[in-house]
Amino acid sequence: MWEDLKIVFNEDTQIFHLQNKNFSYIMGILENGHLGHFYLGNPIHGPLRQHMFRRDQNRALIPYLSEGSGKISLSIERQEFPSYGTTDFRDPAIDIQLSSGSRVIDFKYECHRIIEGKPKLGGLPSTWVSDLADGKTLEIDHYDRVACIRLTLTYTIFKDYPVIGRNAKVTNEGTQEVFIDRLMSMSIDLFDGDWQWLQLSGNWARERHVHITELRPGIQSIGSRCGASSAYENPFIILKRKHTTEAVGEALGISLVYSGNFLIQGEVNADNQTRIVGGIHPEGFRWKLKEHESFQAPEALIAYSNKGMGELSRVYHNLFRKNLIQKRWQDSPRPIVLNSWEAVYFDFDEEVILELAQSAKSLGIEVFILDDGWFGKRNNDKAGLGDWHVNREKLPNGIKGIAKKIEDMGLKFGLWIEPEMINKKSDLFNRHPEWLIGDPLRNQSHSRNQYVLDFSRREVVDGIYNQLIQILDHASVSFIKWDMNRNITEAFSRNLQADRQGEIFHRYILGVYDLYERLTSRYPHILFESCASGGGRVDPGLLYYAPQFWTSDNTDAVERIKIQYGTSMVYPLSSIGTHVSDIPNHQMLRNTTLKMRGDVAYFGTFGYELDVRKLSEIEREHVKKQISSSKKYRSLIQQGDFRRLISPFEGTGNEIAWMVTSTDKKQAIVGWYQILAKPNEGLFRLRLEGLHREKLYTVTGMDYPVSGSVLMNFGLLLFPSFNGSDLKNPITGDYQSRIWFIEELEE
Ligand code: GLA
């Protein structure tokens, strides 16, 4: 009998088996007391023996722990949480320097606990289960008797997903202080090295493009050392087999619930085994652990699919929507916003804002967001950060006044903040120059004329919190865009002792989480959107507090297709902030059609970022239709099952398609995009997925029903672009798109 969810430990075989209907994760205690990794994948059944997964090997010229029979060499043993210093020369999951200077550590299994549900991680965001029956957790204690250090490895298996949530914690039970130089959240030794490695890499305005390479002997990694998860790499990888596609084949994902410096590393050894470690980046990290102190590593989420990368993504989408994002935002459709940034930048006063809001209201927009420029002496990006009080020259009635006027129009009001930052031209800097991160004896680099506040210090976080609540307690604010526009350089805290400077990056992120925790619990009704010059800090850690993020500062529809496509590899559409902006586009200077801009933005949270006062009558009518379509279909888009059909990263990248189906398969919405027109091409077909084979559907533009099997096997027929004669063809010209709404016919 298959059980829905179980964690079993077999005393005789010393094997742990974590299992649900779709997934097995198996490990065991090796003869030397270390934890070995045996298997992860489709559920397996029946009696298990360690011999099925590993064998003693008599190998030449490798170090063994002891002489004689039953000898073990960790250099060839697949492990769960390896350390360095004995027989394994690969990069470890943990590295601790003891007071003697020794780095040799030896964590042996001591005991374990099986817990219903999933305990919270102190001070860190993590996935959760609201019903104890939805998850089971295994905590395994290891102990190093010489150093008196406890290592607790935690594994949660969820009832509904092929996912293991892992974390690690170290506790100093001795009398000497020690230094943690590396504590990964997870490590896993996979049986072979025959994988491709997919990562989401990019830059400002080009975030999370899909890159795929072959794993090869040696080390391959992605990471961040700039203080944020970053636009350069995302804390997420997929390992897939060579022939794995969106729809078929094995894929394994690693996602870190963390917003700071991270490392995800793959190492293929001489035996063609793959070790993946993921967690806080060990470079620049050193944590002093005094007696009785513990250090908790963030959560890592390992997911598995044998039905392709599309299924793997949907597993993460569901997990994040149902077990990471705060409950109150789970099923609520995201409001349609107008953001003032690309509309007026810093150049506004109350009258301008009210005009914009009035115009937004008449189009059907639901929230007006006042972006940068409303506080301190913030008339450009050279001053004001740190002074979170309203600029009365621009807004004489304060935030309270403008919020009320906007609410009276029937809109909700949202506000931009950048709480982690400071300009030297600010009152806050005059009062607290020592609150900056930076070495006072050295140059402090700026970025966008701003400096980073030392959020590793409690009093700094308190100071910003106290300013913000003065506004938020008194004004009616429903939405906050929390921005973060530079990375950390010259990482030095004036508050930390010399031997604790290696803690600054992690303490900084803990400070960010602390402020998020305080603000989200004080104002549970406020929807938070995280932003870091667009998508410079998009990760599950922030999703826990802010259920959506501003995906990229690049609002050009063509570039957005790639960014949104890459982002969807792990993050759900309900979290992907998407706005229709003006043309020529402010980042790319490209002129795309209003239709295409809308058709791309539908597949996210949807909103506008342009001067709506300047729309022509024809554009206004078009925008009104877009808004009513978005209202009609946003629940489907944000809560449904997303499928990527044609990738912008493969082939010519000129055509792209994706779709969302409702979980009951009764409704679907399909988006198809063509960047440049092509001359005189034949017919084209787009094969759909995820529908009921035998049901009949209505499809936009077709006045006859079509079965799911036709739509999935033959596909939708498309006339390609300009063919020399048919100027009435709706997809003539560059930057074209089509949207189909598909609905099951009632029998
Ligand atoms: C960042 C954000 C933008 C906007 C500006 C304001 O660049 O990503 O959306 O809020 O800051 O300065």
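In listed order, ligands and their atoms are each counted from 1.
Taking both residues in full, the closest heavy atoms of Arg334 and Leu527 are given as CD-CD2, 4.3 Å, listed atom of the first, atom of the second, then distance.
In this structure, atom 9 (O) of ligand 1 lies nearest to the protein heavy atom Lys481 NZ, 2.7 Å. Ranking protein heavy atoms by distance to atom 2 (C) of ligand 1, first place goes to Asp483 OD2, 3.0 Å. What sits closest to atom 8 (O) of ligand 1 on the protein, heavy atoms only, is Asp553 OD1, 2.4 Å. Regarding atom 12 (O) of ligand 1, its nearest protein heavy-atom neighbour is Asp372 OD2, 2.6 Å. Atom 4 (C) of ligand 1 has its closest protein heavy atom at Asp371 OD1, 3.4 Å.
Classification of the Phe642-Trp658 ring pair by plane angle, with boundaries at 30° and 60°, yields tilted. In this pair, Tyr516 and Trp482 present their aromatic rings parallel. The plane angle is below 30°, not in the 30 to 60° band.
Proximity to Gly534 (heavy-atom distance under 4.0 Å) selects the following atoms of ligand 1: 8 (O). Each of the atoms 2 (C), 8 (O) of ligand 1 lies under 4.0 Å from some heavy atom of Cys531.
Using 4.0 Å as the threshold, Arg448 has a heavy atom nearer than that to some atom of ligand 1.
Judged by the 6.0 Å and 45° rule, Lys424 forms a cation-pi pair with Tyr451. Taking the ring centre of Phe649 as origin, the terminal cationic atom of Lys562 falls outside the region bounded by 6.0 Å and 45° from the ring axis. Judged by the 6.0 Å and 45° rule, Arg537 forms no cation-pi pair with Trp550.
Heavy-atom neighbours of Lys404 NZ from other residues, nucleotides or ligands within 6.0 Å: at or below the threshold of 12.
Contact annotation: for Asn485 versus ligand 1, heavy atoms closer than 4.0 Å belong to the side chain alone.
Comparing heavy-atom distances from atom 5 (C) of ligand 1 across Trp341, Tyr345, Phe346, Trp550 singles out Trp341 as nearest.
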